[in-house]
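The structure appears right after this line, and notes come after that.
In this text, all values refer to a predicted model and were calculated from it rather than measured experimentally. No hydrogens, no waters, no symmetry mates; every other heavy atom, side chains included, goes into these values.
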Amino acid sequence: MGVAIISLILTALLAWVAWTVRVKQGELQEQVHERLELLANSRAEVFGTWLSGLVQQTDKLISSDLFRLYATDMDLIDVDPSFLITGIIPEGKNYDHLAQLTDQFPLMHQTFADFTSFAGFLSGRIVHRSGQSYIGSDNRMVPLSPVQSGLIKMTFAYPMPHFSPLRQTDNGMVIDLFVPILSTAEDNGTKKAVAVVMLTKSAGTTVTSLVSNTPLSAKGERTRLMQLTEAGFQEIVPWKPEGTVALAAAPELQSDRSLGFAKRDSLGGQTPVFSLGIKVPDLDLWMVQEVDVQDATKSLQDYTRISVLIAGLIAMVLSLLFGAIWWRTLGQNQKRIAGEFQHLAQELEQQRNFLDSINDTIPDFIVVKNLSGNYTYANPALADGVGRPEEEVLGLDDIALFGFDTGKRLEQSDDQALKTGRPVTFTERIFLKSQEHYFQITKVMLKEDSGAPTGIVSVFRDITSMVKAEERKRQAISQTVEALVKAIEFTDPYLAGHSILMRDVASLLAETLKLSPEDKATVEIASHLSQIGKIFIDKSLLTKVDQLTEEEKQMVQKHVEHAGDILRQIDFELPVYEAVYQMNERLDGSGYPKGLQNGEISLQARVLSVANSFCAMIRPRSYRPAMSTDQTLEIMRASAGSYDPQVLDALQSALGTARGGRVLEKAMECAVVCS
């Protein structure tokens, strides 16, 4: 009866706590929503005002009769207007009109340069309908990017100001402004655009001030900038060298293209936040306001803790009241249970003595631990191994006996044995008396008759001599690989350089593809030895400028068989020989030596195939210069059916990383030396 009443009261208390917390949570989220919306709207208005100010700065220029007349005249010519910049006008009737405008060019150029400098723009240019620039703020005319060209065409088609996405340059974060210069004459009641002024403005200070916290910012609150480009959604990070970071997943925008208020991961990582985003008008840019869920809900957490504490105190008082009654009623039962426990303890002691009589002579370590991880039994072999008396070992846990790191790993294996209920066998390195030992450990769950777990039985078998023998074998293989690599270097430095570069690229691919440790080791060793067979090929064939005859091709392709003759005799314990032997196969069956196709070619060989071709193309040869990275990737993708598309995608992605950049720098240094 007492238990039933206490349970009923506890249920009512928990229901009350849950209801009040839900109400408080709704109120809190509404407050957070209103605050984030206010902050995002205010920052979006600030940025929009800044953009409007940039447009207003250009009004004097684009409304100037001088520039409008000159741009109207330039719009009438059909030849390349960039001759105005060079100052050399070709002769001919088609260039007469352009020549007439030459005299005005110095004044127009100086006026435009003065305007650009005075208005605080980094650079500027006036672009003809043909897409050619004919006036610039300085003499350096950097070619227009595809995005800039597209925005110029859009400004001609829709004569109104346009802005480019934010981008990072040597001058920091910048934004491009495109404004039309309208003709002096009307066409059907409207004035068409006869030129487009492109101005580049530094945006780093403005962006940094927008995303910087103020003294009024709450804890965990952040402002982020997100923009949409042809490459997808990006976060603006002006404090980083690259300026932008691509978002892993596109955000889910609402019908009005705003980012609705919700709990989601932060733009900059996996931190849970409340966030919303307001789109800046006329620009694919969003002001995203975030606050960490942990900080935003701190008051709710405090409220929850207080409510639970009050409910707990009430429950405790009632429990104590009924507990006193229960204690008095069940006193006799406790005595009976105590007697049963005493009898059980005697039986356990008998079982322990029986186990001790068996285990005292076994050289393997045999121990028993309870569910808390403390040793309840250890045979003399373990006590001797750890250098402690048997009675001192009892009561200790793995951390106290073997150290923190080793103890933690052993505790994890205990959990596995308890969860699965099956024996767990693994190998562990343990230092005993300052000596390194390797043990094969088997753990079995100790159960009662009812099947409930009571502890763990562990058997430690010393396999140090076996592990050392395996290590000596691996060292012998490593020395063999080093000897073969030195043979390549001694025979042909070019092949050695190709092997080293190929090893770096193959290792980069293996990391990007997230290959298993065994596959990664196979790729690295095989790439290092991939050219071993070519030391048996006539060097004049490898460096021949003219096209090889069919007979010469067959002679060169025999390098695979030569490599196989060497590598199949070495027990790498990895498919190194197979990877090198299949490296020149192609998915469409056009490779050699066996003409394998698709799934017949191992993944390691497909990685080596891409790495080998890529390294060969970006390095100079006797019959051609080195190719650029983009040109090489384009050629390889054009070879449909030859290379694994997944590996090619991984290569392109890996080359864009910091490690990929270092590999390319190393390749370029090698290319300069070879050339």
With sequence neighbours excluded, residues passing salt bridge (Lys or Arg N to Asp or Glu O under 4.0 Å) with Glu511: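 Only Arg659 meet the salt bridge (Lys or Arg N to Asp or Glu O under 4.0 Å) criterion with Glu511.
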Under a 4.5 Å cut-off applied to non-hydrogen side-chain atoms, are [X] and [Y] in contact?
X      : Y      : result
Thr271 : Asp265 : no
Glu27  : Glu30  : no
Leu225 : Val211 : yes
Thr155 : Val179 : no
Thr58  : Val197 : no
Leu182 : Ile62  : no

Who passes ring pair (Phe, Tyr, Trp, His ring centres under 6.0 Å) against Phe274, sequence neighbours left out?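 Phe274 satisfies ring pair (Phe, Tyr, Trp, His ring centres under 6.0 Å) with Phe261 once adjacent residues are dropped.
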Heavy-atom pair with the smallest gap, counting every atom of Pro238 and Met173: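 Minimum heavy-atom separation between Pro238 and Met173: CA-CE, 4.0 Å.
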Keeping [X] on the side-chain end and [Y] on the backbone end, is there a donor-acceptor pair under 3.5 Å?
X      : Y      : value
Ser530 : Ser527 : yes
His162 : Leu177 : no
Asn41  : Glu37  : yes
Thr20  : Val17  : yes
Arg125 : Val142 : yes

Report yes or no: do [X] and [Y] form a side-chain donor-acceptor pair below 3.5 Å?
X      : Y      : value
Gln110 : Asp114 : yes
Ser275 : Arg264 : yes
Ser590 : Asp588 : yes
Ser258 : Asp256 : yes

Rounded to the nearest 0.5 Å, what separates atom CD in Gln227 from atom CD in Glu235? 10.5 Å
Got a salt bridge between [X] and [Y], using NZ or NE/NH1/NH2 to carboxylate O under 4.0 Å?
X      : Y      : result
Glu290 : Arg224 : yes
Asp176 : Lys201 : no
Asp292 : Arg222 : yes
Asp75  : Arg68  : no
Asp302 : Arg305 : yes

Taking only residues two or more places apart in sequence or in another chain, which ones pass side-chain hydrogen bond (donor to acceptor under 3.5 Å, both in side chains) with Arg409?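 Applying side-chain hydrogen bond (donor to acceptor under 3.5 Å, both in side chains) to Arg409 gives Thr406, Glu428.
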Ser609 pairs by side-chain hydrogen bond (donor to acceptor under 3.5 Å, both in side chains) with which of Glu585, Gln604, Arg586? Arg586
